[in-house]
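In what follows, a single structure is set out as structure tokens and then discussed.
Chain A is the first sequence line, chain B the second, and so forth, proteins listed ahead of strands; every chain is numbered from 1. Any value given below was found using the heavy atoms of this structure, including those in side chains, with hydrogens, waters and symmetry copies removed. In this text the structure is predicted, and so the values were computed from the model without any measurement.
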Amino acid sequence: MKLTTHAIRHLIAPLLLIFGVWSVAFYFILTDELIDEIDDQLEVYSEHIIRQWLSGEELPDSADASNNTYYMRQITPEEMTMERKVEYEYKNVYVPSRLEEEPARVMHTIFEHHDGTCWKLTVKTPVYERNEVISTILVSTLILLVVMLLVVIGVFAWVFVRHTRPLYKVLRYLDSYVIGRPEPLDNVTDVTEFEQLNQSVTECIRRIEEVYERERRFIGDASHELQTPLAVCQNRIELMMDDASLTEQQLMELAKMQQTIGELIRLNKTLLFLSKIENNQYIEHTEVDINAKLHRQLEMLSEVYASKDITISLYEKGQWTLLANDELMASLVSNLLRNAYIHSQPHASIDIYIKEGALSIANTSEGAPLDGERLFDRFYRGHQDKRGSNGLGLSIVKAICEASKLKVSYAFEQGKHIFMVTC
Amino acid sequence: MKKIILAIACVFTLVTNACADNYQPISQTQLPEKAQTFLATYFPEAKISLARKEIDVMELSYDVIFTDGCKVEFDRKGNWTEVDCLTHPLPFGIVPEAISKVIRAQYPDAQVTKIERDHRETDVKLTNRVELTFNKHMQLVDID
């Protein structure tokens, strides 16, 4: 879940509670105030009548322009003790000016006259619009609640999204980071935390780059330094083999040694080649015809691996030429094909598809899919050790692709290992 | 959920209590002592027609209507806030001396029928329908 969604989810519950309680309170206060206002009017009106009457002045008409009506009747002292002296109620009363019954608020007041008699005054005021007003209050309170909630959440979301922008920028930056090719992090922010994050990320990447660079240089230097001693070693063995006094047995041992040193030299050369690719020493770019490279390499390799009797199916769906280093492209095609040859059983088949912008080489397999993650690592050899493989072929392919801005991918479909190079 | 219901219930009771603005009839003995003394002093003969307690949001007040139409209002502590005798003059002694001095000087024939006070001002109505307003230092500030 995104951070914003998460925060909003946690915001809704307390907001709903606060606004909800607030709305309920608001609704009750308003409706109560409405009734209160009516009661206050009735109170003033009844007090006026009582005092006028007690002081012996003339009473107003029983129904005046305000539609308020009143009547007074004498009650017995027993009634007086039984009933509440001040009482409010709702009642339907007949309103003469409208010729029909209307809801009204009624107030009863019981008071004593100076001659000792008890009287009950009843005043009434019609409340035609009361229900409409109350339902209007209810509806507007609800609308207010919803609108407030939406507005607050909207504002919050907007503010939140705006303020977390640098975070997402850092995340995108880290996602797109490729080791060996650092790009400057452009993430201007005033927020201390994000500034700190920027610094940490930049510092972290600087250290990774440093370590990576040191490792690369070490491999390059080591293989370079190994070249001469290995060559000297090979020469000495050759010289030794010229000695006529050696027995057949000794000569055979020396030949095996020679062979092992040869392998060692090849391995060293490959490592040097890898480090040269990674150091971007192949900068010369020309138009390279991949189809032509493919034909030439096939010709060579089919001779080398003739003993395996492998069927090659070449499907040329188009011509692929691209601007790249000639030597690297030759090595790329050669390594992919060699890989397919080496890892094929005798009498198996290899399918090659080529079209503009894509080359795929598939060899049938007796085993399970390979670990796509580690496949391109140096010296990764799957499960078994195949002769003629030094475990560097695919890492060369990977390095060439990275240096030439191509993509290489591995898939396992219908019992076939498929390597695909695309631009 | 329990908390929410509790909170709503609390608010509800608070609101309904706060808004229970109405009049409760009471007997004379339920008035504050100070008010009872006041009534005994200035209206010893008068008979009470109706005595009520008014509960408002923030304050409590009492009012008493006599059978002759006079009305007296008291605050929470029993101090009078209004005495209104319609057309009759008020009993002697209710109107503060400083005010009655001013009235005697300016309107020698008139008498006070109604006096109303709060913490800022005192309003006085005379038999000749003149209304006077005094500030809290008993100085005349307005004539209507």
Who wins among B:Thr67, B:Asp63, B:Ile48 for the most heavy-atom pairs under 4.5 Å with chain A? B:Thr67

Report yes if the distance between the aromatic ring centroids of B:Phe38 and B:Phe74 is under 6.0 Å, otherwise no. yes

Looking at residues at least two apart in the chain, or sitting in another chain, which of them share a salt bridge (charged side-chain N to carboxylate O under 4.0 Å, His left out) with B:Arg117? none

Between A:Ser46 and A:Leu42 (side chain of the first, backbone of the second, donor and acceptor by atom type, cut-off under 3.5 Å), is there such a pair? yes

A:Lys2 NZ/CZ over A:Tyr168 ring centroid, <6.0 Å and within 45° of normal: yes

Which region of B:Ile65, side chain (C-beta onward) or backbone (N, CA, C, O), has a non-hydrogen atom less than 4.5 Å from a non-hydrogen atom of chain A, or is it both or neither? side chain

Could you tell me which portion of B:Lys47 (side chain, backbone, both or neither) has an atom closer than 4.5 angstrom to a non-hydrogen atom of chain A? side chain

